[in-house]
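Keep in mind it's a predicted model, so treat the numbers as computed, not measured. Computed over heavy atoms, backbone and side chain alike; hydrogens, waters and symmetry mates excluded. Just so it is clear: chains get the letters A, B, ... in the order the sequence lines come, proteins before strands, and each one is counted from 1.
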Protein chains: 2
Amino acid sequence: MTPPPVPPLLPTGEEAARKRVGDLDVDLPSMAAVSNLFRVVNAVRNYLERNVLRDYNLTFSGFTTLWVLWVMGSMETRHLAAEAAVTKGTLTGILKTLEDRDLVERVTPETDRRLTLVHLTRKGERRMRQIYPRFNAAEREMTAALDQQERDEFVATLRHLLSAIEGLEQGQAVNYG
Amino acid sequence: MTPPPVPPLLPTGEEAARKRVGDLDVDLPSMAAVSNLFRVVNAVRNYLERNVLRDYNLTFSGFTTLWVLWVMGSMETRHLAAEAAVTKGTLTGILKTLEDRDLVERVTPETDRRLTLVHLTRKGERRMRQIYPRFNAAEREMTAALDQQERDEFVATLRHLLSAIEGLEQGQAVNYG
DNA sequence: TTGCGTTCGTTGGGTCCCAAACGATAGTAT
DNA sequence: ATACTATCGTTTGGGACCCAACGAACGCAA
């Protein structure tokens, strides 16, 4: 375990980026916002997967899907996909995995045989009651560095961004359908 | 194209979540921070992929990889993986795709045949000069809703979160290696 | 009732993603 | 020289992800 011969590369590469694109007409603040956003999300997802979800053999997407069902109740596939922010095709695979583990069930209603109603099994609900407290505790650990005001402003900005981007997508909407 | 018979579900499900977990001892603000963070990133990634990257047949990961090479110059696989925030194994696949498209090259240096040095081809560099202005323009569109102060505070909070999470991971570090 | 367009969830193909195991290479201590 | 050990990038296996194409089921009009 010898120390590396050279100092580690800049973690974010931001300084290098500023120099490289300096001659182009680049908006650096928006670059910083987007690239740091992705860094944070990677860190958050990895932290949750490695410290919580791993113990229950669940992926982040699997957890999200179970969470939506737990919070909002049984729902049809396309709505579930929209809530979990994945396409219907992706959700098919996720549900297959969860169904193999007996955490969810798929039912075709007789009133319209095109549909599929998804709901949590008993086991799925029990599992969520175990996991969620730990998941939320990890969320709290990660955001503990922010005081109340900074955290509230952060959430407000996230909502602000979300509605702005949805506005940009008008007419060519992301449909997850 | 008939309108849906019922109003769309709450996009974030936050209200429903508050009711569902109300009896548990849950930290709602951190839940809001994390879940909105993921929503925003999904929206940002989708917007960039559909409006910019798609025209060049590039995935988000492929673009990120090219961007790091473009900005920071040729580098060895493990460093590139760390910069792009993926594991070495993942990067192997990404590089295979990019190499098939003649955008990057892999070279084994004679001084140490365990290593692989990755660099952009001429075509790869030309491609980046085409794409990046459009990519950055899209970044600017998405963050245009934020005034300068809000944007700066947002970036500061992102950095704050990043270092906090890295602190939590001490000793069981994520090392993309 | 027989078409015909629409709306479902699923499938297939290509890519990405991680963790773990692996083979090749290099360094080091006998 | 010869093991031992550490360090590379790659491979493997399970899963997630999108898009586009699809078949089954539905609804409505001719």
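In this structure, Arg113(A) atom CZ and dT10(C) atom P are separated by 13 Å, rounded to whole Å. Between the P atom of dT10(D) and the NZ atom of Lys96(B) lies a distance of 11 Å, rounded to the nearest Å. Computed from coordinates, the Glu49(A) CD to dA16(D) C1' distance equals 10 Å when rounded to whole Å. Remark: P of dC17(D) and CG of Leu80(A) are 12 Å apart, rounded to the nearest angstrom. Note: OH (Tyr56(A)) to C1' (dG15(D)) measures 21 Å, nearest angstrom. Rounded to an integer number of Å, the gap from CE of Met75(A) to C1' of dC8(C) is 15 Å.
Checking side-chain atoms of Asn136(A) against main-chain N and O of Tyr132(A) turns up no donor-acceptor pair under 3.5 Å. Judged purely by atom type and a 3.5 angstrom limit, Arg39(B) has no side-chain atom pairing as donor or acceptor with the backbone of Arg159(A). In this structure a side-chain-to-backbone donor-acceptor pair under 3.5 Å is present from Thr121(B) to Asp102(B).
For dC17(D), neither phosphate oxygen OP1 nor OP2 lies less than 4.0 angstrom from any side-chain nitrogen or oxygen of Thr87(A). An OP1 or OP2 oxygen of dG9(D) is reached within less than 4.0 angstrom by a side-chain nitrogen or oxygen of Arg78(B). At least one side-chain nitrogen or oxygen of Thr92(A) sits closer than 4.0 Å to the OP1 or OP2 atom of dT10(C). An OP1 or OP2 oxygen of dG14(D) is reached within less than 4.0 angstrom by no side-chain nitrogen or oxygen of Arg101(A).
Comparing Thr111(B) and Thr59(B) by the nucleotide of DNA chain C that holds the closest heavy atom to each, the one mapping nearer the 5' end is Thr59(B). Between Leu91(A) and Glu110(A), the one whose closest nucleotide on DNA chain D sits nearer the 5' end is Leu91(A). Heavy-atom distances to DNA chain D give each of Thr97(A) and Leu115(B) a nearest nucleotide, and the one nearer the 5′ end belongs to Leu115(B).
Here the side chain of Arg54(A) is nearest to one of dT10(D), dC17(C), dA19(C), namely dA19(C). In the set dT25(C), dT15(C), dA16(D), the nucleotide with an atom closest to the side chain of Ser61(A) is dA16(D). Side chain of Asp112(B), nearest nucleotide from dA25(D), dA26(C), dG9(D): dA26(C). When each of dA16(D), dC26(D), dC17(C) is scored by its nearest atom to the side-chain atoms of Arg114(A), the top-ranked nucleotide is dC26(D). Picking from dT15(C), dC19(D), dT25(C) the nucleotide with the shortest atom distance to the side chain of Arg50(B) gives dC19(D). With dG15(D), dG9(D), dG9(C) as the choices, the nucleotide that has an atom nearest any side-chain atom of Thr116(A) turns out to be dG9(C). Side-chain proximity of Lys88(B) to the nucleotides dC26(D), dG9(D), dA26(C) is greatest for dG9(D). Considering only side-chain atoms of Thr90(A), the nucleotide from dC26(D), dC17(C), dA16(D) that sits closest is dA16(D).
Nucleic acid contact for Arg45(B): none, since no nucleic acid atom lies under 4.0 Å from a heavy atom of the residue.
For the salt bridge (Lys or Arg N to Asp or Glu O under 4.0 Å) with Glu125(A), the qualifying choice from Arg122(A), Arg129(A), Lys123(A) is Arg129(A), the only one to do so. Checked against Val104(A) for a side chain to side chain contact (heavy atoms under 4.5 Å, CB included), the options Leu98(A), Thr97(A), Leu80(A) give a single hit: Leu98(A).
More than 12 heavy atoms of other shown residues, nucleotides or ligands fall within 6.0 angstrom of atom CZ in Arg106(A).
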